[in-house]
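Contents: one structure, followed by commentary.
We count ligands from 1, going down the list as the structure has it; atoms in each ligand are counted the same way.
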Amino acid sequence: MIKSKQLKKPQLVLIVDDQEINRDVLGMILEDYYEIIYASNGREALDLIQQHRNRLSVVLLDLIMPVMDGFQVLEHVRNDEFLNSIPIIVLTAERSAELKALQMGAADFITKPFDMHEVILARVGRIIELSEGRQLISAAEHDQLTMLYSRNFFFEYANRIHRYHPNWHMDAVVVNIEQFHSVNALNGREFGDKVLRIIGDEIRAFLSETEGITSRFEADRFDIYCLHQDNYQALLDRLQKRVSALSKTANIRLRMGVAPWREDVEPELLFDRACAACSMIRGNYKTHLMVYDEEMRLREILNQRLLNDLRRAVDEKELTVYYQPKYDIQCDPPKLSSAEALIRWQHPELGMVSPGTFIPLFEGNGQISAVDNYVWNEAARQIAEWRDKIGVTLPVSVNLSRVDVFDPSLEERLDALVRQYGLDHKLLKLEVTESAYTDNAEQMIELINRLRNCGFEIEMDDFGSGYSSLNMLSCMPIDVLKMDMTFVRNIGHSEKDFRLVEVVLDIAKYLKVPVVAEGVETRQQLEMLKEAGCELVQGFYFSRPLPPGEFERLIIREKEIERENEA
Ligand code: C2E
Ligand code: MG
Ligand code: MG
């Protein structure tokens with residue numbers, strides 16, 4: 001059977017205003033595009049809304065009217081389950097009324113006098129589009145767990161506010177949960193869900209007191225677009241308090257990034273900035289709130305530049321590998337045992353750029369693999385060169401980034417590399433940071449097992465800066481534990497810090513692995529570590545990271561000393 005083609009009726013618009021001139025002007029603007037009906041007070045309007053509720057696309061509603069005003073109409077419509085999906089645009093001359101109307105459920109505003117005809121047309125069209133779309137996708141526009149807006153809908157809305165209300169100073173706020181995966185892992189998903197719902201509820205409560213919208217952006221990230229606040233700490237405290245009240249033991253910490261409104265910055269960019277501010281405090285125990293400022297903007301410009309320059313840096317050999325020795329301190333005198341390969345970037349205009357600056361950047365966009373592969377290859381080549389040239393076979397550790405873990409060919413590539421230079425697998429040691437382990441525990445354990453089966457040794461880097469529990473540690477396959485340098489820094493003048501070092505050494509003993517203490521700068525630190533039973537040390541006390549030529553001289557010198565001592 002052939003269906004008869006349905007003729008699409010024009011969309012129906014109700015204009016409500018007690019002043020005839022206003023009704024006329026709006027009618028004139030819209031009549032070429034829509035079918036229009038009119039009411040001159042709230043009472044008439046409600047009758048027409050009831051009558052046409054299945055066809056009405058939008059209501060343009062004056063607020064101040066005799067008989068029944070616009071607020072009463074809004075209230076009535078909002079509380080009626082058959083009517084509350086009809087969008088209402090408020091016609092108003094004063095801003096305070098606008099805000100109240102928005103809180104009461106108005107979809108948008110048109111300001112009197114009606115002079116910008118194109119703007120009015122565009123707004124009416126947009127609201128209809130949005131509300132029709134909304135009925136179709138109403139499940140998709142909300143996050144089912146928190147019932148907050150989905151990301152797409154949120155940005156659609158935020159862009160609209162930005163475009164149509166240029167005088168509203170809307171800030172972007174991003175809220176995140178520190179180590180949410182650990183919260184889930186330790187307390188169960190159900191508890192994790194509860195945390196997310198509570199945060200959603202509290203943000204909603206906050207937004208009932210001020211203007212704004214919110215969304216759960218991804219797992220544990222909440223975005224809030226709200227009128228400028230003078231005190232975001234108060235908002236963070238309020239959210240933190242609700243979350244902390246959920247459990248005495250879970251110890252959940254929130255962090256917040258804020259990007260203040262700027263006229264020329266669109267919401268998406270503003271949220272990128274808030275997110276960047278929020279990421280800067282990841283893992284920081286003291287700071288939980290960061291506001292995006294000029295310094296961060298300049299840093300972003302620098303970051304962009306570095307990202308653009310990487311390819312050239314590789315081609316022009318601006319990247320070089322430095323080597324820092326590790327010494328066995330239980331020997332007397334301490335004996336050179338291995339080295340760590342550390343990348344350096346000699347930028348032609350910016351000078352020496354620290355890996356602390358560019359590594360996280362390239363981790364963020366995936367380019368780190370290119371950098372790491374370069375370093376691994378260079379390190380393997382160097383081990384072979386020293387073996388052949390000066391007859392010393394020194395193990396070298398290279399750093400793996402958390403992104404490398406996702407490379408399915410990692411094991412194959414490393415294996416091919418050591419074979420290419422005829423090296424024993426144990427000579428190219430692999431450092432993996434503790435946080436990379438905890439970010440992806442299961443995947444990581446599996447990968448590390450494969451690499452160890454291949455013959456590689458794994459060192460856990462920056463141990464103590466992350467969140468691994470003893471329980472987790474005992475399942476982690478590692479060969480060496482590298483204690484984070486923050487532990488060593490104050491052992492000379494803090495009894496408590498020295499106790500912590502002893503705790504790390506005990507953990508290593510329990511795991512039956514040796515410890516490398518990083519960041520050893522003084523003789524006193526060295527002596528204390530030796531006394532406490534730490535096996536290996538790396539730090540400025542012995543040497544800074546050195547370019548290959550200088551490091552080669554260091555090896556030769558050390559070997560001479562060893563020979564002299566043996567003789
Ligand atoms: P890391 O692997 O923990 O490396 C040790 C860092 O401590 C190095 O910083 C080293 O120069 C520094 N250091 C060593 N001894 C001392 C000391 O006595 N005092 C102080 N204050 N610092 C000391 P660097 O070279 O700036 O590297 C920073 C981080 O960048 C490294 O931390 C590592 O996580 C990463 N990195 C470096 N090269 C690479 C690489 O080729 N690939 C990857 N993925 N990451 C790398
Ligand atoms: Mg390292
Ligand atoms: Mg380290």
Side-chain angles (χ1 to χ4, degrees), residues 283 306 310 313-314 318-327 329 338-346 351-382 395-407 410 414 417 428-437 439 457-466 478-492 504 515-526 529 534 536-548 550-551 554:
L306 294 176
L310 179 65
V314 174
E318 292 168 21
L319 300 178
T320 47
V321 179
Y322 277 39
Y323 297 87
Q324 186 177 33
K326 300 180 191 179
Y327 280 83
I329 57 167
S338 60
E340 177 173 8
L342 293 159
I343 186 125
R344 294 292 177 263
W345 184 349
Q346 185 62 48
M352 190 70 98
V353 189
S354 147
T357 308
F358 66 83
I359 298 278
L361 210 61
F362 296 137
E363 276 182 345
N365 81 345
Q367 293 194 65
I368 188 68
S369 307
V371 176
D372 280 346
N373 274 291
Y374 170 78
V375 175
W376 303 339
N377 193 67
E378 196 45 37
R381 196 198 56 72
Q382 189 66 73
V396 173
S397 317
V398 293
N399 289 283
L400 254 62
S401 127
R402 67 191 67 225
V403 182
D404 296 321
V405 179
F406 298 103
D407 174 1
L410 180 69
L414 286 167
L417 186 61
L428 191 71
K429 296 178 191 289
L430 309 174
E431 294 193 6
V432 182
T433 58
E434 183 192 12
S435 56
Y437 269 91
D439 278 358
E457 282 189 357
I458 312 294
E459 308 191 5
M460 186 189 266
D461 205 353
D462 303 340
F463 175 75
S465 62
I478 52 165
D479 300 287
V480 176
L481 219 152
K482 291 192 79 180
M483 172 159 58
D484 193 60
M485 60 180 95
T486 50
F487 285 92
V488 175
R489 194 167 296 150
N490 294 318
I491 51 172
V504 173
V515 171
V516 181
E518 291 192 78
V520 175
E521 297 184 352
T522 66
R523 167 133 218 121
Q524 185 195 23
Q525 289 167 341
L526 177 75
L529 287 162
C534 175
L536 296 154
V537 150
Q538 177 181 349
F540 296 169
Y541 174 74
F542 285 112
S543 168
R544 289 181 177 263
L546 300 172
E550 274 182 56
F551 194 80
L554 179 140

Item to check | Chi angles and distances behind the side chain to side chain contact (heavy atoms under 4.5 Å, CB included) call for L430, W376 | outcome: CA-CA 9 Å; L430 309 174; W376 303 339; 5.8 Å; no
Exercise for review: At a cut-off of 2.8 Å, list the protein N/O/S atoms near the Mg ion (ligand 2), residue plus atom name.
Suggested key: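 For the Mg ion (ligand 2), the protein N, O and S atoms that sit under 2.8 Å away are E340 OE2, N399 OD1, E431 OE1, D461 OD2.
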| task | Give the protein residues with at least one non-hydrogen atom closer than 4.0 Å to an atom of ligand 1, ordered by chain and number. | result |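 Within 4.0 Å of ligand 1, the protein residues are Q324, E340, L342, I343, R344, P355, I359, D372, V375, N399, S401, E431, D461, D462, M485, E518, G519, V520, E521, G539, F540, P545.
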How close do E363 and V403 get, heavy atom to heavy atom, and via which atoms?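 Heavy atoms only, the tightest pair is O-CG2, 3.4 Å.
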What's the verdict on side chain to side chain contact (heavy atoms under 4.5 Å, CB included) for R402 and T433, showing C-alpha distance, side-chain angles and the deciding distance? CA-CA 8 Å; R402 67 191 67 225; T433 58; 4.2 Å; yes
Interatomic distance, I458 atom CD1 to L481 atom CG [nearest 0.5 angstrom]
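It is 13.0 Å, given to the nearest 0.5 Å.
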Practice problem: To the nearest 0.5 Å, tell me how far D461 CG sits from Y437 OH. | Solution: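 Here the rounded value is 10.5 Å.
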Heavy-atom side-chain proximity of E518 to D462 below 4.5 angstrom
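Yes - at least one pair of side-chain heavy atoms lies under 4.5 Å apart.
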Who pairs with E434 by salt bridge (Lys or Arg N to Asp or Glu O under 4.0 Å), at least two apart in sequence or on another chain?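 E434 satisfies salt bridge (Lys or Arg N to Asp or Glu O under 4.0 Å) with no residue once adjacent residues are dropped.
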Trace of the side chain to side chain contact (heavy atoms under 4.5 Å, CB included) decision for L306 with W345: CA-CA 10 Å; L306 294 176; W345 184 349; 4.0 Å; yes
With a 3.5 Å cut-off and sequence neighbours excluded, list the donor-acceptor pairs that the side chains of residues 536-547 form with protein atoms.
residue: Q538; atom: OE1; partner: K482; partner atom: NZ; Å: 2.9
residue: Q538; atom: NE2; partner: Q324; partner atom: OE1; Å: 2.8
residue: Q538; atom: NE2; partner: E340; partner atom: OE1; Å: 2.8
residue: Y541; atom: OH; partner: R523; partner atom: NH1; Å: 2.6

